[in-house]
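I have placed the structure first, in the form of structure tokens, so that the comments after it can refer back to it.
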Protein chains: 2
Amino acid sequence: MSARERLVESARELLWERGYVGVSPRAIQERAGAGQGSMYHHFSGKAELALEAVRRTAGQLRDTAEAELSGPGTARSRISAYLLREREVLRGCPVGRLTQDPEIVASPRLREPVEETFTWLRSRLAEVIAEGREEFPAGLDPVATATAIVAVLQGGYVLARAAGSAEPFDQAINGVLGLLGVAPAD
Amino acid sequence: MSARERLVESARELLWERGYVGVSPRAIQERAGAGQGSMYHHFSGKAELALEAVRRTAGQLRDTAEAELSGPGTARSRISAYLLREREVLRGCPVGRLTQDPEIVASPRLREPVEETFTWLRSRLAEVIAEGREEFPAGLDPVATATAIVAVLQGGYVLARAAGSAEPFDQAINGVLGLLGVAPAD
DNA sequence: GTCTATAGGGTGATAGAC
DNA sequence: GTCTATCACCCTATAGAC
């Protein structure tokens with residue numbers, strides 16, 4: 001792996017763990033096994049390196065979700081597969097995490113991939129719900145429901161980190177699945 | 001207001017805006033109009049000041065929620081009043097925000113009031129749901145449903161900050177209310 | 001209680017040699 | 001491409017005067 005590549009990967013990990021304000025270029029360089037000169041040769045600074053890291057992480061989240069939501073099966077089964085996928089719950093969501101960072105929210109360039117990820121995810125989920133409308137309780141609004149589902153995931157991470165345990169995350173998922181009329185093992 | 005009081009209030013605001021890793025004692029002192037000496041006279045350091053600030057914020061959230069959830073009315077009306085209360089959505093949740101902070105999650109003392117807040121909120125909501133069981137879809141699990149509701153709020157903040165708009169937050173709330181069988185104006 | 005001075009280390013970036 | 005040196009500034013805390 002090239003030094004450039006190692007820098008981006010280190011930045012991704014550290015942004016996930018500590019956020020933008022909590023990471024220093026030096027820490028990224030150390031984890032990457034690269035020096036100052038190397039980093040500033042490949043990137044103009046912390047912001048540009050973070051931008052590439054954030055874009056890559058956002059793209060990966062999208063690709064994973066797209067694969068799950070576009071697989072075979074009913075709308076219900078695809079949504080519950082998406083919700084029940086194994087996650088490193090206590091690490092939180094690598095994209096959602098960034099929304100708590102003042103510098104990321106304040107920077108249009110850094111916020112853009114984050115916004116785009118959730119906009120895409122909400123509308124993709126809304127499509128799946130709309131496709132399988134008769135599988136769900138009657139009169140349900142696809143966009144509002146999709147947004148609530150994404151929110152449950154993001155909020156589940158928050159509650160899990162607060163508790164130091166994955167238990168509230170699992171309960172939150174059980175809770176929406178129940179409300180969607182999907183039994184625990186469905 | 002005493003200098004001590006101003007320091008705690010400044011710390012509360014800055015923790016909300018920037019999180020623990022994003023705030024410096026100096027910034028707190030400046031906002032409070034207090035000097036170094038004053039801060040270190042009243043508190044042993046950043047961690048102790050933050051601890052008092054976090055405890056106070058957590059207590060306030062709990063008092064507000066308790067007032068709403070223990071008011072008059074059906075379970076449905078109390079829950080929807082709680083969910084539809086006016087919020088400064090783009091600022092995020094002052095307690096939930098802290099769960100994204102590595103130093104807070106890593107410190108048992110700092111995490112404790114955060115954990116306690118959500119544990120209390122989940123079980124208080126579960127009680128209200130259990131009381132009004134026949135008002136909701138049949139066979140619904142009070143604890144899982146309560147957890148999902150809290151998660152929707154927390155995730156709603158995440159989505160709103162990602163979007164730079166309160167719209168996803170409102171949609172997420174609409175989404176759960178719909179799933180709970182509560183019409184938009186109910 | 002609050003002030004100023006000082007400390008040792010980190011931050012984010014630049015410069016120029018190799 | 002990567003290295004080391006250097007920069008001005010900020011971080012968190014301590015010390016001691018007032």
Side-chain angles (χ1 to χ4, degrees), chain A residues 1-56 97-98 100-111, chain B residues 1-56 97-98 100-111:
Chain A
M1 200 163 28
S2 69
R4 192 196 141 89
E5 200 57 23
R6 293 198 312 277
L7 284 162
V8 175
E9 289 304 311
S10 301
R12 299 214 302 144
E13 291 169 20
L14 283 166
L15 282 171
W16 193 358
E17 289 168 25
R18 304 189 48 83
Y20 189 84
V21 303
V23 187
S24 63
R26 170 192 269 247
I28 297 171
Q29 292 151 208
E30 257 164 38
R31 184 169 300 205
Q36 294 266 91
S38 183
M39 186 192 120
Y40 283 100
H41 171 73
H42 292 293
F43 301 95
S44 67
K46 179 182 175 180
E48 243 208 24
L49 172 48
L51 182 57
E52 177 146 346
V54 169
R55 283 184 176 152
R56 195 176 291 191
R97 199 248 167 277
L98 304 170
Q100 301 306 322
D101 207 299
E103 318 260 315
I104 286 189
V105 168
S107 153
R109 294 187 79 206
L110 282 168
R111 185 170 61 79
Chain B
M1 199 161 32
S2 70
R4 193 195 140 88
E5 200 56 24
R6 291 198 313 274
L7 283 162
V8 176
E9 288 304 310
S10 300
R12 298 214 301 144
E13 291 168 21
L14 282 166
L15 282 171
W16 193 358
E17 288 169 26
R18 305 190 47 83
Y20 188 85
V21 302
V23 187
S24 63
R26 168 193 271 247
I28 297 171
Q29 292 152 209
E30 257 165 39
R31 185 170 299 204
Q36 294 267 92
S38 183
M39 185 192 122
Y40 284 100
H41 171 74
H42 292 292
F43 301 95
S44 68
K46 178 183 174 180
E48 242 207 25
L49 172 49
L51 182 57
E52 177 146 346
V54 169
R55 283 184 176 150
R56 194 175 293 190
R97 199 249 168 276
L98 303 170
Q100 301 306 320
D101 207 297
E103 317 261 315
I104 286 189
V105 168
S107 153
R109 292 186 79 207
L110 282 168
R111 185 170 63 77

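Naming convention: chains lettered A, B, ... in sequence-line order (proteins, then strands); numbering from 1 in each chain.
The separation between B:Glu103 atom CD and D:dC11 atom C1' is 12 Å, rounded to whole Å. Atom CG of B:Leu14 is separated from atom C1' of D:dC11 by 15 Å (rounded to the nearest Å). One can place CG of A:Leu7 at 11 Å from C1' of D:dT2, the figure rounded to the nearest angstrom. Remark: C1' of D:dC10 and NZ of B:Lys46 are 12 Å apart, rounded to the nearest angstrom. Counting to the nearest Å, the C1' atom of C:dG1 and the CZ atom of B:Arg6 are 12 Å from each other. Rounded to whole Å, the distance from OH on B:Tyr40 to P on C:dT6 is 18 Å. Rounded to an integer number of Å, the gap from A:His42 NE2 to C:dA13 C1' is 17 Å.
Using a 4.5 Å cut-off on side-chain heavy atoms (C-beta onward), A:Glu9 and A:Arg12 make contact.
Taking every side-chain heavy atom of A:His41 into account, D:dT2 is the closest of C:dA13, C:dG1, D:dT2.
Residues B:Ala50 and B:Tyr20 share a closest heavy-atom pair of CB-CE1, 3.5 Å. Nearest heavy atom pair, residue A:Val105 against residue A:Leu98, reads CG2-O, 4.5 Å. When all heavy atoms are compared, the tightest approach of B:Asp101 to B:Gly19 is OD2-C, 3.3 Å. Closest approach of B:Gln100 and A:Arg97 over heavy atoms only: O-NH2, 2.5 Å. Minimum interatomic distance between A:Val21 and A:Lys46 (heavy atoms only, all atoms of both residues): CA-NZ, 4.4 Å.
Residues from residues 19-39 of chain B with heavy atoms under 4.0 angstrom of DNA chain C, sorted by number: B:Gly35, B:Gly37, B:Ser38.
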Taking distance alone, no hydrogens or angles, what donor-acceptor pairs closer than 3.5 Å link side-chain atoms of residues 33-41 of chain B to residues at least two apart or in another chain?
| residue | atom | partner | partner atom | Å |
| --- | --- | --- | --- | --- |
| B:Gln36 | OE1 | B:Gln29 | NE2 | 2.8 |

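Side chain of B:Arg18 to main chain of A:Pro102: no donor-acceptor pair is present (N/O by atom type, distance under 3.5 Å, no hydrogens or angles).
For the strand DNA chain C, secondary-structure stems (runs of at least three Watson-Crick or G-U pairs, all distances below 3.5 Å) span C:1-18 with D:1-18.
Of the options B:Leu49, B:Val23, B:Ile28, a side chain to side chain contact (heavy atoms under 4.5 Å, CB included) to B:Ser10 is made by B:Ile28 and by none of the others.
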